Amino acid sequence: MTRLVLIDGSSYLYRAFHALPPLSNAAGEPTGALFGVVNMLRAHLKERPDYIAFVMDAPGKTFRDELYPDYKANRPPMPEELRAQIEPMLAVVDALGIPILRVPGVEADDVIGTLAVQAARAGIDVTISTGDKDFAQLVREADGDSGAIRLINTMTGSRLESEAAVVEKFGVRPTQIVDYLALMGDKIDNVPGVEKCGEKTAARWLAEYGSLDGVIAHADAVPGKLGQYLRDALPRLPLNRQLVTIRTDLDLGIEPQALVLRPRNVEALRALYTRYGFNQALKELDATAAAPAPSAAATTPTNPALAASGQYETVLTQAQLQDWIARLTAADAFAFDTETDALDPQRARLVGLSLSVQTGQACYIPLAHVGPDAPPQLPTNVVLSALRPLLQDPGKRKIGQNGKFDLHVLRRHGVEVRGYADDTLLESFVLEAGLTRHDMDSLARRHLGYQTLRFEDVAGKGARQIPFSQVAVDLACRYAAEDADITLRLHQVLSSQLATEPRLQAVYRDIEMPLVPVLARMEANGVQIDAAELKRQSHELGQRMLEARARADALAGRPINLDSPKQLAALLYEELALPVRVKTPGGAPSTNEDALEAIADLHELPRVILRYRSLAKLRSTYTDTLPAMINPATGRVHTSYNQAGAATGRLSSSDPNLQNIPVRSEEGRRIRAAFVAPPGRKLVSFDYSQIELRIMAHLSEDPALLRAFAQGADIHRATAAEVLGKPLDAVTADERRAAKAINFGLIYGMGAHGLARQLGIDRGQAQDYIALYFNRYPGVRDYMERTRQQARTQGYVETVFGRRLALPQIASRNASQRAGAERAAINAPMQGTAADIIKRAMVAVDAWLEAHRDRALMILQVHDELVFEADADFVPTLQAEVPALMAGVANLRVPLVVDCGVGDNWDQAH
DNA sequence: AAGGACTCATA
DNA sequence: GTATGAGTCCTTT
């Protein structure tokens, strides 16, 4: 049977510290706790478990602090001699190759509990190594396909390996341990229990009444002083039980199978053991380290996983290159990765290239490494010429991780990659949206149980980071070749998972992968902006900000930093004693737009702040920034679309974000007007009309809603008429506005509270509106309920095209988290289906444009809008073709309508 | 130097 | 009341 050992690091550290004499090494550094922990770890490793982890508390608050602010309030601060041993301890654990888990916001106990239960369910036998008796609540025997959970305390040698052992030791069964602890309380964690109730009393009561609920129910029947103490403690017992219950159902994003022991780092261990004077351990190390590691140089990475890595070859000669070309030529597919000197795909220069045909084997071809020790490298043009036929062959399948980046880099070096067939980022995104991150490091850990060498391990971080071109070639090879190797391995795992999910595979194969080259082209196209105009606007905004600032200082009676919410809150709510009507999510008095509007009739200052804010936002985010983002080589601005950014399937845009260019205010639209077409060209914008509401009609199949769209009605007006039972032309502007708010609110999963706030009416009235709406559109109500139900039973929701969004929070015991997940469940199918549709449209339009290259370029996507830059005389053709292409990619129960605008700039076109 | 909190721009 | 990214301040390391 496979076995997992989970080590409760915090518990051992404390216990070893207090149990052992205050040892220290020759330099006077304290070593007592360290010594105890190291011996404990060595004992565990001798048993050769299949999986192992060392679990520590991460700094910061956890849910128990939320439940009970006094939790652990009695704990004295950690003694300095103990604190000083934490870092060395972690260094030893790491050097031994044991994975270290510290999960922010989650106590070590709950990490251990969750992993233990998860592993036992997967048929793994679990040993929890701890000095904490609370874990007795988890003990269980193997049963059918499930593994056992056992406890061991290596300090005392005691073991709890069966339910009978727990009963023998505590007098209660494992399932009663939480009740037992709740009654007794915990001095150390400052959780008071029933006074005078110790082990004996707690066990006796539980034997008599079965459970804590039984004890509570019979509290009146307990005689004497103890009975009175019990009744006094009743109100806090349920909370106590929550506090002592170890969580076993968290979503940690860690699979027990990933917790593999890496090869130990002998050099690091020798250094640590020597420093701390652990002679016994040192002797053993030298005896067992048969093949000493190569001498440690300054460049040797600390990651011991390296020793497990595959055969990685640095390609420096023509002969080696030809050998790899032959291997690639013989293969159906290969993984590739580029290394560059920058993260911006529109500027990055190629530093090297890695390739892998077979897992465990990869090469790195350094091209532009510099420095005194850099070896002579093959010329870039020679290497790229040799590889070009392979990279440009549509029949030769290429595999990458976020390959869009590599496509850009290679294009800018004269290679147009074709046959880019698989991307592990997108495989993971389609398989597990909402569950995990999709970067290679996370994926390797999650699916391969492998800790990759990270970029910062080879290049450093922060101010000391060096460009990849200065990384020593040997080290660069290990890093880069590993990336290609891991990409290939991940593809094997992920593609076989996709093969079992035909709907997800279709999303991946038919929507996401075809979109990659399309997005690459859009990003490369870029957009022209009028920098001089934006600079003029910056200047003007600056003038007006000065005026606002002067007025604010006058009103405050002193200089005030209008950019600091904290200072503003102090001024408004303390000095000026204005009422606090809105709070931030963190509970502090808010100075956001709503808050300032709410007090705007009491003082002039809030209005001045709002005015200043809107000016400052426009200047710092747009008019100052955009001109600086112009690529000198192209004279245009190139955004970057993140295809795996939004869990619903939407794209996101960054560097710069061109999906949030202002449009609502007049001043904002002047910024949009600075997105221009070159002479002789036009900007043409196409957007889907009411796409999410149409999708709601399709999904809900509500007859009234379907009819309204079929008739091409003004949907908000039609909603108002339907709900209020009056003719279309009798609907007032206010009524239409209310209907619009309901329509939008529904898409976001809103309740009465939100609608009331939006419309400035009271809750009851909002509730009436909603009831009326559902009365007229019962299909919508049923659909909403079905969706919530699906989310609860399956843990995910789906788009029309089968894209999945996982909602792990849907089962949360935290009501507000659960409600949030329910709203997301309502919204995701609509937002996600709209995303699927426009992605398909982009692929379709791009394919059509192929024949008209340069007559029109697709340059922007803003969720329901596509923007093109086209020759003026080509605009009619575009207008004749694109709407049909966009509307034709989905077959819904309602028509898709596409609106169009044309102009010399984006404001005119929109 | 890095990360969290806050605010605000878009669909 | 959904989904994002970015600038600024301010605390922590």
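These numbers were taken from a predicted model, which means no experiment stands behind them. By convention in this document, chain letters (A, B, ...) are assigned in the order of the sequence lines, proteins followed by strands, and residues within each chain are numbered from 1.
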Using only atom types and a distance under 3.5 Å, with no angle test, would you say the side chain of A:E575 pairs donor to acceptor with the backbone of A:A570? no
Which nucleotide, [options], lies nearest any side-chain atom of [X]?
X      : options              : answer
A:V862 : B:dC8, B:dT7, B:dA11 : B:dA11
A:A824 : B:dA11, C:dA6, C:dT2 : C:dT2
A:Q831 : C:dT2, B:dC8, B:dT10 : C:dT2
A:T591 : C:dT2, B:dT7, B:dC8  : B:dT7
A:N592 : C:dG1, B:dT10, B:dC8 : B:dC8
A:P585 : B:dC6, C:dG1, C:dC9  : B:dC6
A:D655 : B:dA9, C:dA6, C:dG1  : C:dA6
A:H863 : B:dA11, B:dA9, B:dT7 : B:dA11
A:D563 : C:dA3, B:dC6, C:dT8  : C:dT8
A:Y748 : B:dT10, C:dG5, C:dG1 : C:dG1

Answer yes when A:E540 and A:R544 have at least one side-chain N-carboxylate O distance shorter than 4.0 Å, and no when they do not.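 Result for this pair is yes, salt bridge flagged.
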Under 4.0 Å between a Lys/Arg side-chain N and an Asp/Glu carboxylate O for A:D836 and A:K839? no
Distance check needed: [N] [atom2] versus [X] [atom1], whole Å only.
X      : N      : atom1 : atom2 : answer
A:L541 : C:dG7  : CG    : P     : 16 Å
A:L568 : B:dT7  : CG    : P     : 9 Å
A:L866 : B:dT10 : CG    : C1'   : 16 Å
A:Y641 : B:dA11 : OH    : P     : 13 Å
A:Q861 : C:dA3  : CD    : P     : 18 Å
A:L626 : B:dT10 : CG    : C1'   : 14 Å
A:D864 : C:dA3  : CG    : P     : 18 Å

Give one of base, sugar-phosphate or nothing for [X], where a contact means two heavy atoms less than 4.0 Å apart.
X      : result
A:Y622 : sugar-phosphate
A:A647 : sugar-phosphate
A:G586 : sugar-phosphate
A:Q758 : base
A:I826 : nothing
A:N660 : base
A:G462 : sugar-phosphate

If the test is side chain to side chain donor-acceptor pair (under 3.5 Å), which one of A:Q809, A:R792, A:Q817 qualifies with A:E822?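 The residue from A:Q809, A:R792, A:Q817 that satisfies side chain to side chain donor-acceptor pair (under 3.5 Å) with A:E822 turns out to be A:R792.
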Evaluate the ring planes of A:H716 and A:F744, with Trp represented by its six-membered ring, and classify them as parallel (under 30°), tilted (30 to 60°) or perpendicular (over 60°). tilted
Is there a donor and acceptor pair closer than 3.5 Å between the side chain of [X] and the base of [N]?
X      : N      : result
A:Q659 : B:dT10 : no
A:K566 : C:dC9  : no
A:R664 : B:dA9  : no

[N] phosphate, OP1 or OP2, under 4.0 Å from [X] side-chain N/O:
X      : N      : value
A:Q567 : C:dC10 : yes
A:S652 : C:dA3  : no
A:R613 : B:dC8  : yes
A:N561 : C:dC9  : yes
A:T584 : B:dC6  : yes
A:T621 : C:dG7  : no
A:S620 : C:dA6  : no
A:R650 : C:dA3  : no

Which is it for A:I826 and A:Y748 under the side-chain contact (heavy atoms from CB on, under 4.5 Å) test, yes or no, and what are the steps along the way? CA-CA 7 Å; A:I826 299 286; A:Y748 299 149; over 6 Å; no
Worked check of side chain to side chain donor-acceptor pair (under 3.5 Å) between A:Q537 and A:E533: CA-CA 6 Å; A:Q537 290 183 26; A:E533 166 62 19; 2.7 Å; yes
side-chain contact (heavy atoms from CB on, under 4.5 Å) between A:Y641 and A:L860: does it pass, once the steps are laid out? CA-CA 10 Å; A:Y641 289 105; A:L860 296 171; 3.9 Å; yes
